[in-house]
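Not measured: the values here are computed from a predicted model.
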Amino acid sequence: QVQLVESGGGLVQAGGSLSVSCAASGRTFSSYAMGWFRQAPGKEREFVASVSRTGDSKYYADSVKGRFTISRDNAKNTVYLQMNSLKPEDTAVYYCVVLRNYCSGSGCPVNYWGQGTQVTVSS
């Protein structure tokens, strides 16, 4: 199976920036669309962003569009999420995911989940 390891989470003040990374095992990384979900306490997991196999196409949730950027480096088996202009409502555990297909929305089928990394935005 594919294993995903997130890193880069932490504490940041509102208006600041943070970048999280996801390293995937195996050499089939380029065969899958990838994405990020997040979950805040008391809320359902929600879609944040996705990127196609080649990196040519991307989707973003309306809540993060214009502030977050998803990218991937297939040679390094890594997907990234750059988060700018962070708000307290961005506080959540962020999960890297392997998608069954390139799609958008919280209903996107997921093949594999990472264990998550905590992002906390203070006011």
Roughly how far apart are [X] [atom1] and [Y] [atom2], rounded to 0.5 Å?
{"X": "F37", "Y": "S50", "atom1": "CZ", "atom2": "OG", "value": "8.5 Å"}
{"X": "Y80", "Y": "D73", "atom1": "OH", "atom2": "CG", "value": "5.0 Å"}
{"X": "S31", "Y": "R53", "atom1": "OG", "atom2": "CZ", "value": "8.0 Å"}
{"X": "S123", "Y": "L86", "atom1": "OG", "atom2": "CG", "value": "13.0 Å"}
{"X": "R67", "Y": "Q82", "atom1": "CZ", "atom2": "CD", "value": "12.0 Å"}
{"X": "Q13", "Y": "L11", "atom1": "CD", "atom2": "CG", "value": "8.0 Å"}

Just so I know, are the side chains of [X] and [Y] near enough to count as touching, which here means a heavy-atom distance under 4.5 Å?
{"X": "Q39", "Y": "E46", "result": "no"}
{"X": "D90", "Y": "R38", "result": "yes"}
{"X": "V110", "Y": "L99", "result": "yes"}
{"X": "L81", "Y": "F68", "result": "yes"}
{"X": "R45", "Y": "W113", "result": "yes"}
{"X": "T117", "Y": "V93", "result": "no"}
{"X": "Y32", "Y": "N111", "result": "yes"}

Does the ring centre of Y59 sit less than 6.0 Å away from the ring centre of Y102?
yes

Please walk me through it: do E6 and Y95 pass side-chain contact (heavy atoms from CB on, under 4.5 Å)?
CA-CA 7 Å; E6 300 99 332; Y95 297 91; 4.3 Å; yes

Work out which heavy atom in [X] is nearest to a heavy atom in [Y]; give both atom names and the distance.
{"X": "N74", "Y": "R72", "value": "OD1-NE, 2.8 Å"}
{"X": "S71", "Y": "V79", "value": "O-CG2, 3.1 Å"}
{"X": "A24", "Y": "V2", "value": "CB-CG1, 4.4 Å"}
{"X": "M83", "Y": "V20", "value": "CE-CG1, 3.9 Å"}
{"X": "Q118", "Y": "A92", "value": "NE2-O, 3.5 Å"}
{"X": "L18", "Y": "G10", "value": "CD2-N, 3.8 Å"}

Residue set satisfying ring pair (Phe, Tyr, Trp, His ring centres under 6.0 Å) with Y60, at least two apart, ordered chain then number -> none

For K76, is there any backbone N or O sitting under 3.5 Å from a side-chain donor or acceptor partner on T78?
yes

Distance only, no hydrogens: is a donor on one side chain within 3.5 Å (strictly under) of an acceptor on the other, for S17 and N84?
yes

With clusters defined by side-chain heavy atoms of hydrophobic residues (ILVMFWY) lying less than 4.5 Å apart, directly or transitively, does M34 cluster with W36?
yes

Do I70 and V97 belong together in a cluster built from hydrophobic side chains that touch within less than 4.5 Å?
no

